[in-house]
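Proteins get letters first, then strands, A, B, ... in listed order; numbering begins at 1 in each. The structure displayed is predicted, hence computed values, not measured ones. Side chains are part of it too, since the values below use all heavy atoms of this structure and drop only hydrogens, waters and symmetry mates.
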Number of protein chains: 2
Amino acid sequence: MTRAPRPPRLLDVADRAGVSIATASRSLNGVAGVSPAVADRVRQVAESMGFVPNAHARSLAGGQESSVGLIVGEIGDPYFTEIASGVIGIAAESDRLVQICHAEDPETLVAQVRLLRANRVGAIILAGSGMVDPVREAAVEAELASFLASGGRVAAIGRHSLAVDAVLPDNVGAGRAVAEHLLALGHSQVAVLAGPAELNTVADRLDGLLGALGSARVTVTHHPFSREGGVSGARAVLDATPDATAIVALSDVMAIGVLAELRERGIRVPQDVSVTGIDDIAVAAELSPALTTVRLSMTEIGAAALVLADQEPAATLRSEATAVELVVRSSTAAPRNPATTLR
Amino acid sequence: MTRAPRPPRLLDVADRAGVSIATASRSLNGVAGVSPAVADRVRQVAESMGFVPNAHARSLAGGQESSVGLIVGEIGDPYFTEIASGVIGIAAESDRLVQICHAEDPETLVAQVRLLRANRVGAIILAGSGMVDPVREAAVEAELASFLASGGRVAAIGRHSLAVDAVLPDNVGAGRAVAEHLLALGHSQVAVLAGPAELNTVADRLDGLLGALGSARVTVTHHPFSREGGVSGARAVLDATPDATAIVALSDVMAIGVLAELRERGIRVPQDVSVTGIDDIAVAAELSPALTTVRLSMTEIGAAALVLADQEPAATLRSEATAVELVVRSSTAAPRNPATTLR
DNA sequence: TAGGTTAACGTAAGCGCTTACGTAAGTGCT
DNA sequence: AGCACTTACGTAAGCGCTTACGTTAACCTA
């Protein structure tokens, strides 16, 4: 006899245990009103049959089985990995699954939100950077509004342009912290390697940086927010502004690329040039030289985002700003000699 | 008028469009048998109402909406991150969501598999290392058997003790590659920092290593499979066997800890001691010194695992072995002087 | 023009659960 | 002994979809 490869249903369990489907359901869910003897028998039968309740049916029938959706920019990026880690930690506390998707542009973002909505997740955490241009966010905004209107919860990380609750790392402050640190060291020629200009995160960090850098001579170039962006950015700097005494990467991942390129060329850090990042991802401390950066505590921010989303929806938009902290390591030092160029 | 915050249903769309629910369903799914005019109208109404079909109901009703479940050991670990990246890449090709959970011990592993089963995922990818002791795997085995029996697909990564299809990185070969490299350099005193002895991955790497190391004098100690494990391992080695000329960490993450501790103590790599890892995670090349390691290509392995799981179930267990490649960087060199100790 | 097709829809039966409600015993009280 | 409660269960109505099948009306063909 070959049974169809189909999971056993609650009804199968009930039949085998000689009870009604209602009693079976109550037994397995620990609902009162079932004699202990019967409940035990049902549980044993269920166990022996390898019964696992269908979460879809359960959620359809009204049971709250809501999972959480997380949308990140790039899975492999430690920045997002740490956020994911924080979100998953909180989700696990209440036995919720986290569905992770990635979306780099607003169009796929909309698609992912729809997919998540189709799966009736209870909450969506948006972890990619927002766009400076509100027009590109319009579709996302609409999709999220639909979700919210139907009872969904949303929390964004580092997106202040979206009309949803948000946890906002102090990107402006992070930029400022880097600037003040370099200023204090005596740098006056700094090359900034920014990520894509259309990202809010980039704009904010840049604002803080340029605002505080004041009189210092600074050049800004834009590159991909990746290791490769750091590599090509470093090359551009060495070509265009070889007299820079500090290279500021707007993310640690970019800084990794910068360090790699400088090493490649035999340029010493921090003796010949100082390098900084932002984020303080886990490996920042393991690089050589260890990277001076700004800690944003992405893991905690991820956790905070889900906690925020879990709260009762409020009438007003909530936004939770988180503090940043400059972490001085060995990739920065006073410029060797203000007159000296990189080569 | 305050509507209950509930997503619009197909029925709502049908009513508004003035058609039956069946026609609405057919229109939205592009099923033949609906006049183009009506289908268009339904689609417009659905769009205007922000309708997103309930994936749970759809899957209940027989539609195939299966997503894939991925169980990893630790989200933050680059080893798993790269696997996840590979799995997600393949899943995205067919619009499937990936549900990521983590489980470090067999008990929570069982729980996670159940959760995934409850959510009726079509496939489960198991990415943590298996246990050497088959007894501890028994419950996992049973849970997976139940899942398979009910039509689920499973693929494991690096677990050969489980009766499921598997992609097997050549851990033995990886260990051997490290051994041969060190032997060729002339090392004869090597300290091995292994992960937990109960892990299959550790046992295999150790097998390959010790098998090839032959006459060389080698000491093996076990530590957590983490950066901290590397730190404490390095301390143990410096205390117990300061005459070692090479420290072999059985994973890159551990090697990071080793490098950190050596740097802390002012011990130069590779001049004073050589260090190796295994995995070739992305940052391995960015460390200082850049880490000599063995590339397992975890991203591709993750992708291969899902492809394997997606195939029609075969009568016999499939296992796909993947090649490894020694990557020599600058953390290894010939021992300075066979007679010299670490201090 | 009667009979047979076909296109375009509607009806209704589930999918596997939860849960409000109904019912039949058992318990305690007067 | 009769009543009102409880307790322990069963019945059945959905949840929001898909889809087999039924029903029209328009369209052919002989």
Every protein N/O within reach of nucleotides 12-15 of chain C N/O, cut-off under 3.5 Å:
from   : atom 1 : to    : atom 2 : distance (Å)
C:dC15 : O2     : B:L60 : O      : 3.3
C:dC15 : O2     : B:A61 : N      : 3.2

What is the distance from CZ of B:R58 to C1' of D:dT19, rounded to the nearest Å?
-> 13 Å
Quick one: are A:V68 and A:V87 in side-chain contact, heavy atoms under 4.5 Å?
-> yes
Starting at NE2 of A:H56 and ending at C1' of C:dC17, how long is that distance when rounded to a whole Å?
-> 13 Å
Can you find a heavy atom in the side chain of A:M49 that is under 4.5 Å from one in the side chain of A:V13?
-> yes
Whole-Å distance separating the CG atom of B:N54 from the P atom of C:dG16 = 16 Å
Could you tell me whether A:V19 contacts a base, only the sugar-phosphate backbone, or nothing, with contacts defined as non-hydrogen atoms closer than 4.0 Å?
-> sugar-phosphate
So what is the end-to-end bend of the helix from C:dT1-D:dA30 to C:dT30-D:dA1, with 5 pairs used at each end and the value given to 10 degrees?
-> 50°
Rounded off to whole Å, could you give me the CG-to-P distance for the B:D15 and C:dG10 pair?
-> 11 Å
Does B:H56 have any ring-ring contact (aromatic ring centres under 6.0 Å, His included) partners at least two apart in sequence or in another chain, and if so, which?
-> A:H56
Measure the distance from CG on B:N119 to P on C:dC17 and round it to the nearest whole Å.
-> 13 Å
Output yes when at least one side-chain N/O atom of A:T23 is less than 4.0 Å from OP1 or OP2 of D:dC9, else no.
-> no
How long is the span from the CG atom in A:L308 to the CD atom in A:E320, to the nearest 0.5 Å?
-> 5.5 Å
A:S20 vs D:dC9: side-chain N/O to OP1/OP2 distance below 4.0 Å | no
Strictly below 4.0 Å, heavy-atom distances to any atom of DNA chain D: list the hits from residues 35-49 of chain B, or just say none.
-> none
Return yes if the base of C:dG10 and the side-chain atoms of B:R26 contain a donor-acceptor N/O pair under 3.5 Å, otherwise no.
-> yes
Looking at side-chain heavy atoms only, is the closest gap between B:V164 and B:L317 below 4.5 Å?
-> no
Within a strict 4.5 Å, meaning less than it, do heavy atoms of the B:L306 and B:V98 side chains meet?
-> no
Using residues 71-81 of chain B as the side-chain source, report each donor-acceptor pair under 3.5 Å to any protein atom, sequence neighbours left out, with the distance given to one decimal.
from  : atom 1 : to    : atom 2 : distance (Å)
B:D77 : OD1    : B:Y79 : N      : 2.8
B:T81 : OG1    : B:I75 : O      : 3.3
B:T81 : OG1    : B:D77 : O      : 3.1

Rounded to whole angstrom units, what separation is found between the CG atom of A:N29 and the P atom of C:dT18?
-> 5 Å
Inter-residue atom distance B:I100.CD1 - B:I83.CD1, 0.5 Å rounding = 11.0 Å
Do NZ/NE/NH1/NH2 and the carboxylate oxygens of B:E141 and B:R136 come within less than 4.0 Å?
-> no
With sequence neighbours left out, which residue pairs that include part of residues 119-129 of chain A fulfil the salt bridge (charged side-chain N to carboxylate O under 4.0 Å, His left out) condition?
-> none
Separation of B:N119 CG from A:R58 CZ (nearest 0.5 Å) = 10.0 Å
CG of B:L28 versus P of D:dC17: gap in Å, rounded?
-> 9 Å
